[in-house]
Structure formats: C-alpha cells, structure tokens
Number of protein chains: 2
Amino acid sequence: MSPRSQAPLSVAIVGTGLVGAELISQLLSLPSPSPFKLVSLSTSTKTVFAPEGLKITPQTWLSTLKSSSEQPDLLALPDKLSVLERAVFVDNTASQDVANLYPEFLKKGVHVVTPNKKAFSGSQKLYDDILKASKEGSARWLNESTVGAGLPVVQTLKDMVASGDKIKKIEGVFSGTMSYIFNEFSTANPGGPAFSSVVRIAREKGYTEPHPGDDLNGADVARKLAILARSIPSLQSALPEGYTSVSTRSLVPDALASVSSGTDFVDRLPEFDTEFEKLQRQAREEGAVLRFVGVVDVEKGVVKADLEKYPTSHPFATSLGGSDNIIMFHTERYSPRPLIIQGAGAGAAVTAMGVMSDLLKLA
Amino acid sequence: MSPRSQAPLSVAIVGTGLVGAELISQLLSLPSPSPFKLVSLSTSTKTVFAPEGLKITPQTWLSTLKSSSEQPDLLALPDKLSVLERAVFVDNTASQDVANLYPEFLKKGVHVVTPNKKAFSGSQKLYDDILKASKEGSARWLNESTVGAGLPVVQTLKDMVASGDKIKKIEGVFSGTMSYIFNEFSTANPGGPAFSSVVRIAREKGYTEPHPGDDLNGADVARKLAILARSIPSLQSALPEGYTSVSTRSLVPDALASVSSGTDFVDRLPEFDTEFEKLQRQAREEGAVLRFVGVVDVEKGVVKADLEKYPTSHPFATSLGGSDNIIMFHTERYSPRPLIIQGAGAGAAVTAMGVMSDLLKLA
C-alpha cells in the first residue's frame, strides 16, 4: 500500500509583526501545489478565518486583515482548528498569554510551531502541560527558531538525544546583541571603544531592544538555555522556574536597574565604563577576550549565562563577527572536537525560515 | 479530528558494516514504544525478514543474521515492503547496484534513507528516475548523511531552498581525510612534516581508504558537491554525469595513477614532496594555507573540487582541526556573513546518527 498523498496542512497564524509578515510572505510564495493552506491570520485586534483557505496573496493579506471587522478569539481557536483534517497553530508573538494556550491546541490534535520562547522557558508546569497535551492529542510542538533563529540548533540537539548520543556540554554565544557588543568591545588589541559607546551604537543600529537593559540582563540567553536544557533528558526538570532558575549574570549595573527609559539608560551607562574596561584589561592580560555566553554543562548539572574569558585562539574569539550566534555541542560522539553551528541568530527572514523548516517537517 | 497515532515504520536494512551495525544498535536501543519496527536485515550473502518485526536485540541480531540460510533477493524486496503499511528501505552499503534499485522502492511507496552517495552523485538519469519515482509512489528519499555524516548539512540546504532563500555559494572542506592531511601539512609555520609523511600517518591511523589515492583523487568531494548542487533548483540538471561532471583536481601524481597497491603508493609518494612543498611555500608567502575544498558557486554556475589558498585568518585556517568538515552557506539571508556548520564529517557513530535523524523525520 503506498502512502497516501496527505491533505494540505491548515495553518493558523497569530502575530503579524516582522517575523509574522515575513512568514506569511514565505508561505504565500511557495510553488504550487503548496503543502499548506492558510486558514487564519490574527493580530491582537483583528482576525480572518476561512476553513477552506484564505483568498490572499503576498500583496493583499495585510489589507484583507485590516479590513476585517472580526475580533480575534484565541480561546475558541483550538476547537475551530481541531475539526480540520490537519492543522497547525503558529504563534509569532512574544506573548505569555498566547504561550499559555499551547496545551489547549495540542490536546485537541492541533500542532504548534513557534519562535516564541515563553512557553518552553517559563514554569515547569506549563512545560509539563505541553508535553502531556502533545501526547494526549498526538500533536507535535516544534520550536526550532526559539534558539539561533534559522540555525539548525534545536533539531540537531533533539536528533542527538533521540539517536542515543550523550550530551556533555553545550556552550555558545546565543544573543546576537551580546555577540555584537563583545565582538566590538573585547578584542585582542587595546584602544577600542568604550563599552557604553558600543551599546549606544548597537542601539542606534537597531541591534538592541528599545531598552538595552533588556538585552544586557541576560534573560534572553537564559531563556534559550532553558529550552536547550529541557531537551536533555537528565535536565528536563532541572529548572523548576524555567529561565529564572538559570544562573544568570546581569550586565545591567545595579544603580541603573530602575532606569525605565532606554535613552536615559544609555546616557548614564558611561559612568560604568571603567568597570567594563577593567574586566576587559584583565582578560587581555591573560591573552583572552570577553564573551557573554550560555553554558549547559550536563555532567556538572550547571546551566548558566555569564561573562567568560576565552583565549584569542578560541573560535568564540577568532570566528565570531557581526552579531553571529555560535553554538558548540560537546557530546559522546562529537568528542574531543565539538559540532559547531554559527551564523546570524536573529532577524525576521532567518527566524521565519526556522518556522518554515518546522512547518515543512509537519507537511 | 485529532491526528491518528501512526503505525510503527517498518525498516529494512541492507548493509551491516560499521555504519549498518551502529545503526542497528541505535535503532534497537530506542526507548519503547519505538516508532520503528525492524523487519529485515541483509548482507550480500544473508538475509532475515519478518513482516511483523524481527525478534532481535543489540546482542542477538548478528548471530540471528549469520545463522539464517535465506539468501538476499533485493529485487524482490520492494514488493515485499510495499504491502506493509509504512516502510523504509535503508541502504548502508556503498554499492552502485543497490543504489540503482531506489526507484523501484520509491515507486512502490517505500521510502529510502541512505548514507550511500552513489545514487545522487552519478548519472542524471538515475537521479531523475529517483525524483520521478518518489512523486509516483508518494515516497520520500532522505540522504542527510551523504554529506558531513551527522552534521545537519543537507536538510539545512533543503530548508533554505524550500523556504525561498537564494543560495549564492557553498564552500567547504568536505573530506575528513583531506581535512586532516592539510590541517597537518599546511600551517602558517614553516618546518612542518612532508606531504608524504602526513599521508602515511593518516593511512596508519585509518583516516584514509586502504589506497590513499581514493581520497586524494577528490572523487569523494566531487560526489558530495554533486549531491548539494542538485538540491539547488538552478543546478538540478547542471551535472549530467554527476560527480564526473564536477571540475575536480586530483592530488594523485600522474606518475602514480596506475599504482594499484596502497602500500606501494605511499612508498613512492615522497618522490613528489618537493612539488607539494612548493605549493605550500607559495601559500605561506601570501599569508595563506592550503585547503582541499569543494565549491558550489551558484551565481557563476561553477562546481569544483580544488586545492585553494585561504588567509591564515580564515575559518578554514583558524577553526579547523583534526579531521573536521566545515561548510559555509552564503545565501541571500545569510549575508554578508555565512551560516557555518563544522564538526566530524565521518565515522560510524555520527554517520548512523545522520541516518537516524532521517528515519525520525519519517516516523
């Protein structure tokens, strides 16, 4: 008996920001016959839904959505999608509220694909609910683009684990913003720019959040580490509070912790340049550079986001540039030399590509 | 309607050498319930087949196979597998004859997974037959482990293409043997070992084929390039004779082309050390090192395997070590900085892992 040609996968998308818009464009540009049928688009205020497939093009989807008078009701969406033959919910928001709904979709047999880190890096309860709902509904959740955007990081880790490799340590530069800042600030050569001026330029280039403290606090890295750690059997329940259980060094000076304006923050950051310069000088005297890294040390049971020193001959010093991510997997099979993946780890086009690669796995 | 829990995927394996044995071990060590059911094992002289699943363990499969009196009949296998609900044929041989059978499996709805490069890097006719049979039978062929073994190279390229990224250039060190040889031979510092002595040591360590000419002729790299090139729409038919259409520089000296014994070959190789030393000195004078690389330049339409010079600051010089592969994808989205994947690109454990990752995609 030959495998049936499957029905197109019905896709419901929530979130039409940069990543969402890029994903919609990628989906609508696939050669036909497409393995996908776009059935729903939602923002926080508008929605369109057509179980037989929306009549939209890359040129018309936005105006179609804008002209809709229907308001989104995400609580009702799991039921509406579950009656379709094969459906997937794609969450392109960064919303915790949306993340909290994944179990409802999964338990009704609707797959979930998302670059939103919230569901997998928060409370153990939500994570466990997702695992349980996924079994109950025989539905899958895929989150390749939560770590490294389009880089094949999450799937590679899952394949290693599933095929019986033993993960020893994962170590990497997981934040494009932190990568840029330290690639510029911390080099082998003295006389570089002050820390605050690098942060200011990064902000001007749009490489940071509007408030750079949201990058410098390390939370984004901690969330990615929680996602990776939970994919490793022995660490699946090691972080009860998710990313807040990760040992994280914040680079936000204590005195600036309550500065709520991003502009005020960068204006005051020069007060702390001597501190950062001292760290950098110490590193240089040891023949090293500073990098803000994430480490999942399975053997020691340590998960941490921290500022570390690496010799100038280390790939984190020699090979990194721009706002690249780099991730090293040290495993039983990839030993003594690790498997390394490097490249842009942020940006709408590559993040949407990571979402697409997950969708293609389901199709 | 919630997705059905699917029946286990019936797996038929041919080839029980290093990779085959490792794969069988990985498959039989999966936690239950396994998504796979091993229904057949075959060597060139023996076979066992049980449509309900073989009663074997990691300890017993070899003796079970050895004690079988049944002879393999690969020509009959497509029919035998096609009556099962979902089946996959796994070819762990390096045989052209086995590769020639893939269309028969595919057109009968049996998926094909393999680390064997022959089918995808040979004649255009066989490749086109595979594409056609795959459509006809709605069956998939997956060959992640043909390039870079367990490294996520082929799938990453396929995801880029499928999601609409434009590949500009792929450039890499694709042969673990060539990587080791040039990492040892060609460094920034003078006074290193002679080329012939590096090749001799590589052979003693088991890093080369029994006859090192089978590595030095560049054919293995050319085959991998053909596989990658054909995954890019504009190059799908660019190599009518497959790997022999790839512009390939052989490092086998003309005078040794007919030396059929590997031992005689390494004994005579020192006669050519001055030639290799001259190339290396030229590179060093330019601040470069030599690397044997593969290039798929989509924009120029060039596919070549050649000895090239790279500045000592280039990742091919700084980051490579051991017998690592490294592959850089320059694309519209990964620009100006490429996506880079690096790590061991050969060895039974990581090759079998690449096969397993393909099997898991099907399961």
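No other option in A/Gly322, A/Pro315, A/Gly343 has as many heavy-atom pairs under 4.5 Å with chain B as A/Gly322. Taking B/Thr318, B/Leu359, B/Asp324 one by one and counting their heavy-atom pairs under 4.5 Å with chain A, the maximum is reached by B/Asp324. Note: B/Ala349 leads B/Ala349, B/Gly354, B/Pro336 in heavy-atom pairs under 4.5 Å with chain A. Among B/Pro338, B/Gly321, B/Ala87, B/Ser319, the residue with the largest count of heavy-atom pairs under 4.5 Å with chain A is B/Gly321.
By the 6.0 Å contact criterion, CG on B/Leu18 is open, its count of non-hydrogen atoms from other residues, nucleotides or ligands being 12 or less.
Separation of atoms CG (B/Leu339) and CG (A/Asn325) is listed at 10.5 Å; rounding is to 0.5 Å. To the nearest 0.5 angstrom, A/Lys158 atom NZ is 13.5 Å from B/Ser357 atom OG. To the nearest 0.5 angstrom, A/Met160 atom CE is 13.5 Å from B/Met356 atom CE. Remark: A/Met353 CE to B/Arg333 CZ distance equals 6.0 Å, nearest 0.5 Å.
Heavy atoms closer than 4.5 Å to chain A are found nowhere in B/Leu106, neither backbone nor side chain.
The list of ring pair (Phe, Tyr, Trp, His ring centres under 6.0 Å) pairs with a residue in residues 312-355 of chain B, not counting sequence neighbours, reads B/Tyr310-B/His314, B/Tyr310-B/Phe316, B/His314-B/Phe316.
Just one residue in the list B/Met328, B/Gln342, B/Arg337 forms a side-chain contact (heavy atoms from CB on, under 4.5 Å) with A/Gln342, and that residue is B/Arg337.
Within residues 20-34 of chain A, the residues having any heavy atom closer than 4.5 Å to a heavy atom of chain B are A/Glu22, A/Gln26, A/Leu30, listed by residue number. Scanning residues 162-179 of chain A against chain B with a 4.5 Å non-hydrogen threshold yields A/Ala162, A/Ser163, A/Asp165, sorted by number. Within residues 143-152 of chain B, the residues having any heavy atom under 4.5 Å from a heavy atom of chain A are, by residue number, B/Gly150, B/Leu151, B/Pro152.
You'll find the side chain of B/Asp159 reaches within 4.5 Å of the side chain of A/Leu360, heavy atoms only.
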